[in-house]
Amino acid sequence: MDYIQEIERLKKEKNAVILAHYYQIPEIQDIADYIGDSLGLAQAAAETKADLIVFAGVHFMAETAKILNPQKKVVLPDINAGCSLADSCPPVDFRKFKENYPDHIVLSYINCSAGIKELSDVIVTSGNAIQIVESFPKEQKIIFAPDKNLGAYLNQISGRNMVLWNGTCEVHNQLKTEAILKLKQQNPDAKVVAHPECDGPVLALADMIGSTNAMLKYTQNSNFQKYIVASETGILHQMQKKSPQKQFIVVPKDENCNCNDCPYMKLNTLEKLYWAIKNESPEIELSEEVIENAKKPIVRMLEISKAAGLI
Ligand code: 13P
Ligand code: SF4
């Protein structure tokens, strides 16, 4: 079967939209109606006129799309496409943690479950985190969850002392300074771009730190010809597409590969996407109460991002 042709046909027939994250396999990125980072995807989900949302990403992203579109069907090609960061922060444990800081507000990274979003005041993504942190007065006490690396980076650049939940992204957190130093030695003319989910020592080696979309724009707009990319392999597809004459080298996760793949993002395939759009399943389902509670901090995020000119 020609999955691409069939997906295109079903998309029209069902008034469906395919939203894909930059970490999806190239074939999925190429068939998507919208490709973006977590912030761009949340905004695209908030604005879509489609009846069916096919979310080519991971569970928390599809859940966010459902929270913003309770009346629409949202499907995820592989329902097991989770996220180590979201899993590191179970709502029961976080609720207890939060009780220790009654005078703090909660800013949560979008990479968390709907249950954590319900316990949060504002959601942030790597594309708007600093602006959202700085939208609060310096004396405001804040808990930041669940990514301790992004939280520590935000503390460093904002001069704050947010209380951090101890979670990490297993993909970015495994990147090592030794691998970057070796690549820098082999490619002295390369610039290092890094995602803020990487740990502090890795970020200290970066020439530019930003969300997937910010890294992509940087490589497009700057005059350098070579980039060492401390992030997930999928982003290289768009980098290479937008700047075919430039060279991109992903920081390998270990000595045995030239890749750094997110095992959850890579569960989605073109075939699973075809079945998801055809069967309108597996579907994301949430109770009305969860949707109502989790929606408030997401809407707040979109409002602050709009006011800051980020979307
Ligand atoms: P962004 O898309 O916000 O850059 O986040 C990267 C990521 O790890 C998504 O799971
Ligand atoms: Fe989660 Fe990291 Fe994979 Fe993103 S790259 S989905 S944060 S495990």
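In each ligand, atom 1 is the first atom listed, and ligand 1 is the first ligand listed.
- Atom 4 (Fe) of ligand 2 has Asn111 ND2, 4.0 Å as its closest protein atom, hydrogens excluded (heavy atom only).
- Between Tyr109 and ligand 1 there is a heavy-atom distance shorter than 4.0 Å.
- Residues Ser108 and Ser120 bring a donor and an acceptor atom of their side chains to less than 3.5 Å of each other.
- The part of Glu197 lying near ligand 2 is the side chain, judged by heavy-atom distances below 4.0 Å.
- Atom numbering of ligand 1 starts at 1 in the shown order; those under 4.0 Å from a heavy atom of Glu197 are 5 (O), 6 (C), 7 (C), 8 (O).
- With Ser126, Cys169, Ser231, Gly82 as candidates, the residue nearest to atom 5 (S) of ligand 2 on a non-hydrogen basis is Cys169.
- Protein heavy atom nearest atom 3 (Fe) of ligand 2, with residue, atom name and distance: Cys262 SG, 2.4 Å.
- Using a 4.5 Å heavy-atom cutoff, the side chains of Gln247 and Tyr227 are not in contact.
- The closest approach between any non-hydrogen atom of Tyr23 and ligand 1 is below 4.0 Å.
- Each of the following atoms of ligand 1 lies closer than 4.0 Å to a heavy atom of Met61: 9 (C), 10 (O).
- Closest heavy-atom contact between Gly57 and Leu76: O-CD1, 3.3 Å.
- When each atom of ligand 1 is checked for a heavy atom of Thr212 under 4.0 Å away, the hits are 1 (P), 2 (O), 4 (O).
- When non-hydrogen atoms are compared, ligand 1 lies under 4.0 Å from neither the backbone nor the side chain of Glu232.
- No side-chain donor-acceptor contact under 3.5 Å links Asp254 and Gln174.
- In this structure, the side chain of Lys253 does not engage the main chain of Val171 through any donor-acceptor pair within 3.5 Å.
- The two residues Leu41 and Ala20 have their closest heavy-atom pair at CD2-O, 3.5 Å.
- Heavy atoms of His21 come nearer than 4.0 angstrom to ligand 1 in at least one pair.
- Residue Gly127 comes nearest to Leu310 through the heavy atom pair O-CD1, 4.0 Å, listed as atom of the first residue, atom of the second, then distance.
- Linking Ile, Leu, Val, Met, Phe, Trp and Tyr whenever their side-chain heavy atoms come within less than 4.5 Å leaves Ile249 and Leu203 in two separate clusters.
- Only the side chain of Asn111 comes within contact range of ligand 1, with a heavy atom under 4.0 Å; no backbone atom does.
- Here Cys83 has heavy atoms under 4.0 Å from ligand 2 in both its backbone and its side chain.
- The distance from ligand 1 to the heavy atoms of Ser211 drops below 4.0 Å at these ligand atoms: 4 (O).
- Close contacts between ligand 2 and Ser84 involve ligand atoms 8 (S) [criterion: under 4.0 Å to a heavy atom].
- By the 30° and 60° cut-offs, the orientation of the rings of Phe97 relative to Trp165 is perpendicular.
- Nearest heavy atom pair, residue Asp78 against residue Lys272, reads OD2-NZ, 2.7 Å.
- Looking at Asn149 and Asn173, their side chains do bring a donor and an acceptor atom within 3.5 Å of each other.
- The protein heavy atom nearest to atom 5 (O) of ligand 1 is His195 NE2, 3.4 Å.
- The closest approach between Ser126 and ligand 1 falls below 4.0 Å for a heavy atom of the residue.
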